[in-house]
2 protein chains.
Amino acid sequence: MRIDPDGLRAPYLQLADALRARIEAGEIPPGRKVPSQTELEEESGLSRNTVKKALDVLKNEGLLVTAPGRGLFVVERRDIEPA
Amino acid sequence: MRIDPDGLRAPYLQLADALRARIEAGEIPPGRKVPSQTELEEESGLSRNTVKKALDVLKNEGLLVTAPGRGLFVVERRDIEPA
DNA sequence: CGGGATTTGTACGTATGTATG
DNA sequence: CCATACATACGTACAAATCCC
């Protein structure tokens, strides 16, 4: 999960991109639980807040949904369609 | 800008609601500069991050755009239509 | 062009609340 | 009751863009 803190693109966007790629590549199946925020923190070396910010992007895109106390889930595939 | 920190609705959502109402009521004309984040902090009594989170909601709704170094602007009215 | 003031963007650390199991 | 996991909020620091003198 290489994140370059000095890259042109902000780290939270790099993380969002990386996760989006993994989801769209089918690496993380729909309806499946995704690595927890804590795991993503460790994988990426970013802070909790920054990880959440990346997840916010993907939630806004409709790719992910979060369930308090349960985890992070990939939304059923319905291609690209915003709210 | 009464925000109830103990309300059922999270403060950042209360602020987003309040701003949305002011925009949709035409109180803040399109293309006009909106109170700065610092001003919104003072008006609402919320922290910078929380104000920004409220603004993120409205930006995602397409109601606002931000311009670094310049400020916050109400988007030209094109009714409700996401990306 | 320099430099300060203003304003938004990004990031971290921390504390607390809520939901689930 | 406890552990895990996400949600909200505050404070802080620094970067980048813009504006104005």
Side-chain angles (χ1 to χ4, degrees), chain A residues 1-20 22-23 28 30-75 83, chain B residues 1-20 22-23 28-75:
Chain A
M1 180 72 68
R2 285 159 295 286
I3 301 293
D4 176 11
D6 301 314
L8 287 174
R9 197 157 176 75
Y12 82 96
L13 291 175
Q14 293 181 46
L15 176 55
D17 289 347
L19 288 175
R20 191 186 304 106
R22 287 169 64 181
I23 291 169
I28 308 173
R32 250 287 272 105
K33 202 170 162 310
V34 136
S36 73
Q37 292 182 0
T38 304
E39 289 170 312
L40 289 174
E41 277 182 61
E42 292 161 356
E43 283 185 36
S44 65
L46 299 174
S47 76
R48 180 85 186 289
N49 285 340
T50 303
V51 168
K52 281 180 68 62
K53 191 162 182 177
L55 296 178
D56 279 345
V57 172
L58 300 179
K59 284 193 285 185
N60 267 309
E61 291 174 4
L63 286 176
L64 288 179
V65 289
T66 49
R70 292 197 293 127
L72 243 178
F73 300 86
V74 178
V75 165
Chain B
M1 181 73 66
R2 284 157 298 284
I3 301 293
D4 176 11
D6 301 314
L8 287 174
R9 197 157 177 74
Y12 83 96
L13 291 176
Q14 292 180 47
L15 176 55
D17 289 346
L19 288 175
R20 192 186 302 106
R22 287 169 65 181
I23 291 169
I28 307 173
R32 239 308 258 102
K33 201 171 161 307
V34 138
S36 74
Q37 294 180 3
T38 306
E39 289 172 312
L40 289 173
E41 278 183 61
E42 293 162 355
E43 283 185 35
S44 66
L46 300 175
S47 76
R48 174 88 186 289
N49 284 340
T50 304
V51 167
K52 282 180 68 59
K53 191 160 182 178
L55 296 178
D56 278 346
V57 172
L58 301 180
K59 284 193 284 185
N60 268 307
E61 291 174 4
L63 286 176
L64 288 179
V65 290
T66 49
R70 293 197 294 126
L72 242 179
F73 299 85
V74 177
V75 165

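For clarity, every value in this text was computed on a predicted model and none was experimentally measured. So you know, we letter chains A, B, ... as the sequences are listed, proteins then strands, and number each from 1.
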Asker: Is there a side-chain polar atom (N or O) of T66(B) under 4.0 Å from OP1 or OP2 of dG9(C)?
Answerer: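 Yes.
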
Asker: In whole angstrom, what separates R48(B)'s CZ from dG9(C)'s C1'?
Answerer: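 Between C1' of dG9(C) and CZ of R48(B): 8 Å.
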
Asker: Ignoring backbone atoms, test whether K53(A) places a side-chain nitrogen or oxygen under 4.0 Å from the OP1 or OP2 oxygen of dA7(D).
Answerer: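 Checking K53(A) against dA7(D): no side-chain N or O falls below 4.0 Å of OP1 or OP2.
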
Asker: Looking at Q37(A), does any N or O in its side chain come under 4.0 Å of the phosphate oxygens OP1/OP2 on dA7(D)?
Answerer: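 Yes, within the criterion.
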
Asker: Whole angstroms only, please: what is the CG-P distance between L8(B) and dT8(D)?
Answerer: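 Going from L8(B) (CG) to dT8(D) (P), I get 14 Å.
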
Asker: In whole angstroms, how far is the C1' atom of dT12(D) from the CD atom of E41(B)?
Answerer: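 In whole Å, dT12(D) C1' and E41(B) CD are 12 Å from each other.
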
Asker: Measure the distance from CG on L15(A) to P on dT10(C) and round it to the nearest whole Å.
Answerer: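 Atom CG in L15(A) sits about 14 Å away from atom P in dT10(C).
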
Asker: Closest approach of P35(B) and I28(B), non-hydrogen atoms and distance?
Answerer: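 Closest pair (atom of P35(B), atom of I28(B), distance): CD-CD1, 4.5 Å.
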
Asker: Using modelled atom types only, decide if a donor and an acceptor are shared between the side chain of T50(B) and the backbone of L46(B) within a distance under 3.5 Å.
Answerer: no

Asker: Would you say dC10(D) has OP1 or OP2 under 4.0 Å from some side-chain N or O of T50(B)?
Answerer: yes

Asker: From C-beta outward on S47(A), which listed nucleotide comes closest to its side chain: dA17(D), dG13(C), dC6(D)?
Answerer: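 Output: dG13(C).
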
Asker: Measure from the side chain of R70(B), starting at C-beta and using heavy atoms only, and say which of dA7(D), dT18(D), dA17(D) lies closest.
Answerer: dT18(D)

Asker: By nearest atom, which of the nucleotides dC10(D), dT8(D), dC6(D) is closest to the N49(B) side chain?
Answerer: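 Nearest to the side chain of N49(B) among the choices is dC10(D).
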
Asker: So do V75(A) and L64(A) actually touch side chain to side chain, heavy atoms under 4.5 Å?
Answerer: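 Side chain of L64(A) against side chain of V75(A), heavy atoms only: no contact under 4.5 Å found.
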
Asker: Between atom CG in L55(B) and atom P in dT10(C), what is the gap in whole Å?
Answerer: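 In whole Å, dT10(C) P and L55(B) CG are 13 Å from each other.
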
Asker: May I have the distance from L40(A) (atom CG) to dA7(D) (atom P), rounded to whole angstrom?
Answerer: 12 Å

Asker: Check whether any side-chain nitrogen or oxygen of K52(B) sits under 4.0 Å from OP1 or OP2 of dT8(C), and answer yes or no.
Answerer: no

Asker: Between R48(A) and E42(A), does any NZ, NE, NH1 or NH2 come within less than 4.0 Å of an OD or OE carboxylate oxygen?
Answerer: no

Asker: Would you say the side-chain atoms of Q14(A) pair up with the backbone N or O of D4(A), donor to acceptor, closer than 3.5 Å?
Answerer: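 Here the side-chain-to-backbone pair exists.
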
Asker: Let me spell it out: for each of G45(A) and A67(B), pick the nucleotide of DNA chain C with the closest heavy atom. Which residue's pick is nearer the 5' end?
Answerer: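 Result of the comparison: A67(B).
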
Asker: Which whole-number value in Å describes the distance from Q14(B) CD to dT8(D) C1'?
Answerer: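 Rounded to the whole Å, the gap is 12 Å.
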
Asker: Using whole Å, what does the distance between atom C1' of nucleotide dG9(C) and atom CG of D56(A) come to?
Answerer: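 Whole-Å distance recorded here is 15 Å.
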
Asker: Would you kindly compare G69(B) and P5(A) by the position of their nearest DNA chain C nucleotide and give the one closer to the 5′ end?
Answerer: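 Upstream on the strand: G69(B).
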
